[in-house]
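The structure appears right after this line, and notes come after that.
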Amino acid sequence: MDNLTPEQRRKNMQAIKSKDTTIEMVLRKALWHNGIRYRKNYKKLIGKPDIVLTKYHIVIFCDSDFWHGFDWKNRNQKIKSNRDYWIPKIERNIKRDTKVTSQLENDGWVVIRFWEWQIRKQLDECVQTVQNAIKDTIFSKKLAKISKRKTVK
């Protein structure tokens with residue numbers, strides 16, 4: 001049973017944002033502080049990633065634990081109200097996330113997905129993951145240039 005009245009629930013649901021969420025803002029601020037420049041909510045890519053490093057072909061999604069199904073096998077048992085709506089909805093979100101990730105990777109993008117709890121509790125590790133992805137991308141580009149030079153000669 002829902003603890004809130006229908007009017008309170010309606011207000012709560014209306015307040016949920018799809019962009020510029022708290023976790024996005026926290027991660028973006030940390031990346032900016034570390035000298036990492038980005039585009040936000042990049043509409044040119046499938047899935048409209050939260051953060052895009054176009055220079056390095058890296059996309060970052062900040063996934064809410066509830067909406068994107070963190071620990072879904074355990075968590076879906078805890079949904080008490082309107083299960084017929086929420087469980088299929090979140091499972092569709094999970095499938096969509098998988099499809100978007102696959103499509104972006106097939107198109108040559110490095111996809112990084114952070115859970116809400118990771119951003120809140122392990123922000124430094126999240127930033128380090130992004131920095132490592134940038135280094136890997138730079139290294140891969142240098143290797144590609146070297147191998148291209150060798151095949152041309």
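The first residue in the sequence is number 1, and the count goes up from there.
At least one donor-acceptor pair under 3.5 Å links the side chain of Thr101 to the backbone N or O of Asp97. The backbone N or O of Val100 sits nowhere less than 3.5 Å from a side-chain atom of Gln103 that would complete a donor-acceptor pair.
In this pair, Trp109 and His57 present their aromatic rings parallel. The plane angle is below 30°, not in the 30 to 60° band.
Distance check: Arg113 CZ to Thr129 OG1 gives 15.0 Å after rounding to the nearest 0.5 Å. From Ile60, atom CD1 reaches atom CG of Asp50 across 9.0 Å, with rounding to the nearest 0.5 Å. Separation of atoms CD (Gln131) and CG (Asp124) is listed at 9.5 Å; rounding is to 0.5 Å.
Side-chain contact check for Leu104 versus Ile46: some heavy-atom pair is nearer than 4.5 Å. In this structure the side chain of Leu123 reaches within 4.5 angstrom of the side chain of Leu27, judged on heavy atoms. No side-chain heavy atom of Trp67 sits less than 4.5 Å from a side-chain heavy atom of Glu116. You'll find the side chain of Lys40 stays beyond 4.5 Å of the side chain of Val52, heavy atoms only.
Ion pairing between a basic and an acidic side chain is recognised when a charged N comes within 4.0 Å of a carboxylate O; Glu91 and Lys95 show no such pairing.
Val130 and Phe61 are assigned to two separate hydrophobic clusters, defined by single-linkage of ILVMFWY side chains at heavy-atom distances under 4.5 Å. The hydrophobic clustering, which links ILVMFWY residues whose side-chain heavy atoms are closer than 4.5 Å, places Trp117 and Ile51 apart. Both Ile112 and Tyr38 belong to a common hydrophobic cluster when Ile, Leu, Val, Met, Phe, Trp and Tyr are linked at side-chain heavy-atom distances under 4.5 angstrom.
Arg39 CZ: 12 or fewer foreign heavy atoms inside a 6.0 Å radius.
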